[in-house]
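One structure is given here, and the rest of the page talks about it.
All values reported here derive from a predicted model rather than from experimental measurement.
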Amino acid sequence: MFNFRPILHLKKFEVRQLVRAAGVKEHGAYSHVSRVSCRWFIFNSPEEMKAVAELFPDDWKKLKDLENSLGGHTMKYQKGKRIPLCDFIHEDAEFKQLLLKV
């Protein structure tokens with residue numbers, strides 16, 4: 001069996017150059033995420049997750065509500081510590097800074 005993988009050796013920016021050179025319009029999702037998967041892809045960076053949350057606020061609220069209903073279980077962990085989604089994307093960073101000043 002032969003696997004044909006003509007772009008496997010290329011860097012991401014090289015693939016994007018090839019796509020543009022071929023006249024193919026890049027999918028709009030690449031404006032806010034580095035790779036396209038499901039909307040709430042578990043490996044999104046905080047910046048990517050925040051961009052998606054801002055684009056889909058109703059779905060973001062549902063996801064946070066679901067996380068809250070799981071009794072302390074979270075989608076994100078770092079070094080064995082649970083990180084709530086709102087903390088992962090620094091959602092209320094300005095509010096938290098105000099609290100620290102009081």
Gap between atom [atom2] of [Y] and atom [atom1] of [X] - 0.5 Å precision:
X     : Y     : atom1 : atom2 : result
Arg39 : Leu55 : CZ    : CG    : 8.5 Å
Asp59 : Leu66 : CG    : CG    : 12.0 Å
Ile83 : Gln78 : CD1   : CD    : 4.5 Å
Lys50 : His90 : NZ    : NE2   : 8.0 Å

- Return the minimal non-hydrogen interatomic distance between Ala53 and Ile89, and the atom names on each side. CB-CD1, 4.2 Å
- Task: Indicate the atoms forming the closest heavy-atom contact of Arg82 with Gly72, along with that distance.
- Result: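 Smallest heavy-atom distance, with atoms named: CD-O, 2.9 Å.
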Verify same cluster id: [X], [Y] (apolar side-chain graph, 4.5 Å):
X     : Y     : answer
Phe13 : Val24 : no
Phe56 : Phe43 : yes
Phe88 : Ile42 : yes

- Query: Hey, mind stepping through Met49 and Trp40 against side chain to side chain contact (heavy atoms under 4.5 Å, CB included) and telling me if it holds?
  - Reply: CA-CA 7 Å; Met49 187 79 75; Trp40 305 113; 3.5 Å; yes
- Item | Side chain to side chain, Phe41 and Val52, heavy atoms closer than 4.5 Å | no
- Query: With a 4.5 Å limit on heavy-atom distance, are the side chains of Trp60 and Glu54 in contact?
  - Reply: no
- Query: Taking the side chain from Glu67 and the backbone from Met75, do they hold a donor-acceptor pair closer than 3.5 Å?
  - Reply: yes
- Counting only heavy atoms not in Ile7, do more than 12 fall under 6.0 Å of its CD1? no
- Message: Less than 4.0 angstrom from a charged side-chain N to a carboxylate O is my criterion; do Asp65 and Lys61 meet it?
- Response: yes
